[in-house]
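All remarks here apply to the structure that follows.
Model, not experiment: these values are computed from the prediction. Quick note on labels: first sequence line is chain A, next is B, and so on, each numbered from 1.
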There are 2 protein chains.
Amino acid sequence: MNTKQENKKVFLEIVKQLQELIDKEQIKPGNKLPSERVLSERLNVGRSSVREALRSLELLGLIETRQGGGTFLSSGQHIQLVEILASFILKESRTVEEVHDTRKMHEKEAIRVICSDKSLIALPVWESLFYKIEVESEVVRHHILREFVITSGNRLSLKIWMQLAAFSATPLKKITTEQEKPILLVLLKSIQLGFKKEALEAYDQWMQHLNTIKEIEN
Amino acid sequence: MNTKQENKKVFLEIVKQLQELIDKEQIKPGNKLPSERVLSERLNVGRSSVREALRSLELLGLIETRQGGGTFLSSGQHIQLVEILASFILKESRTVEEVHDTRKMHEKEAIRVICSDKSLIALPVWESLFYKIEVESEVVRHHILREFVITSGNRLSLKIWMQLAAFSATPLKKITTEQEKPILLVLLKSIQLGFKKEALEAYDQWMQHLNTIKEIEN
DNA sequence: AAACGAAAGTGGTCAGACCACTTTAGACTT
DNA sequence: AAGTCTAAAGTGGTCTGACCACTTTCGTTT
């Protein structure tokens, strides 16, 4: 079948036809798709070709498959491909500095977003972070920064940030209470008050402080 | 092999092993990957499983295949998943917004970096962009924004931005000279002078203007 | 009516076969 | 000897059939 001379990949054609089928059959997120064997018959292609298309869509997070159960239209959150893309991108340009800069970019943007949204700065999260500062642990910094990005509400940014954080993970010493804690207090307090400028300054100061620590440790 | 512990998907495992192989064998963009038959033998899996993984990566634009030629690590940019994802994703407005927000984040950060670096604002690029504004084309906006990110010098940010730009590509009308050009002039001029605040304001104004256009067209 | 269990359905994987196309290398021509 | 041409090898593209593991379904049994 498919006399199509066009040099188009067939599995891409199947992907396209699957979309049309989903649209035509009014298949909503969570609904079941026809089985691979049925699809292969309806589209006049081999089952392996159908599978190549389905596996692609699964990697993109657009569908979910359960062995013995069937194939289902994903109910959202299809951002998991970010992880695969990120790992490839990071492999190519794993300049430590660039990763760090990009990561800071996302963190600062999160702070900006939070400070501009009254409903976000009113969240109880910040209070709990005050307590976290007291708990001297190596991962507190990571937790705090992650909380920033999470609270900002951009799930995509969070995905990217998590990848970057995984690459630039440089386990440092515990929080140095004498110097670091006051900075963090200012940062958190500024956020709670919605003082964007002050928060960003505190953040910069914090990062600068961390660099100092790193140099000392090396 | 397949000691198969966890219920992890095998084709995902192959994707992972392919990444490791690319890393270990020092395969650079444009280089050839082992043939499907060789991979199937080396990884102790069936050829069809290898193909499912390869097709997934191809859909992501991470590899390219030429019939009779072989499989090659992509030299980038060829992202055909855009169309597929777009039709799936465009229904979820929240995701679209997140992509757009994240993209703007990278663009604004690029502007900040540029304005803070005298050697960057002195570049002849900006002069050439003035001319580009005159050329009424649909892709001028994309070119300008890309130039920002490129000039900022963070290649990782550029790669992320390119992915995001591919997703959020919403072909608009040509630049509306009456309203848009003056904004762009202010933006470029502000950058040349290193006026960070003014440049960012002009950028925001620009984005706002683009939103207005989009609403009108819909 | 509830519980159980066999059968059907479905995804997961593999092997083999053929096709179309590209690359390679040897035979041929000059 | 150099270049050209063609056949063979290599490679991706696709299909078929088979078997496995798991889930769902439904009829039988209790």
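- Judged purely by distance below 3.5 Å, without hydrogens or angles, the side chains of B/Lys196 and B/Ser116 pair a donor atom with an acceptor atom.
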ask   = Reading nucleotides 4-10 of chain C 5' to 3', which nucleotides get B (base under 4.0 Å from a protein heavy atom), which S (sugar-phosphate only), which -?
value = -----BB

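- Distance B/Glu58 CD to D/dT14 C1': 14 Å, rounded to the nearest Å.
- There is no side-chain donor-acceptor pair under 3.5 Å between A/Ser152 and A/Asn154.
- The distance between the ring centers of B/Trp126 and B/Phe148 falls below 6.0 angstrom.
- A donor and an acceptor atom, one from each side chain of B/Thr65 and B/Glu58, are located under 3.5 Å apart.
- For CD of A/Glu20, the number of neighbouring non-hydrogen atoms (other residues, nucleotides, ligands) closer than 6.0 Å is greater than 12.
- Side-chain N or O atoms of A/Ser56 include one that pairs as donor or acceptor with a backbone N or O of A/Glu52 at under 3.5 Å.
- What separates CD of A/Glu13 from C1' of D/dT14 is a distance of 15 Å, to the nearest Å.
- Partner of A/Trp161 under the ring-ring contact (aromatic ring centres under 6.0 Å, His included) criterion, out of A/His106, A/His142, A/His100: A/His142 alone.
- No donor-acceptor distance shorter than 3.5 angstrom exists from the side chain of A/Lys32 to the backbone of A/Leu73, with no hydrogens or angles considered.
- In the region residues 47-56 of chain A, proximity to DNA chain D at under 4.0 angstrom, judged on heavy atoms, holds for A/Arg47, A/Ser48, A/Ser49.
- Nucleotide D/dC15 holds its P atom 13 Å from the CG atom of A/Leu39, rounded to whole Å.
- Atoms CG (A/Leu43) and C1' (D/dG13) sit 17 Å apart, rounded to a whole Å.
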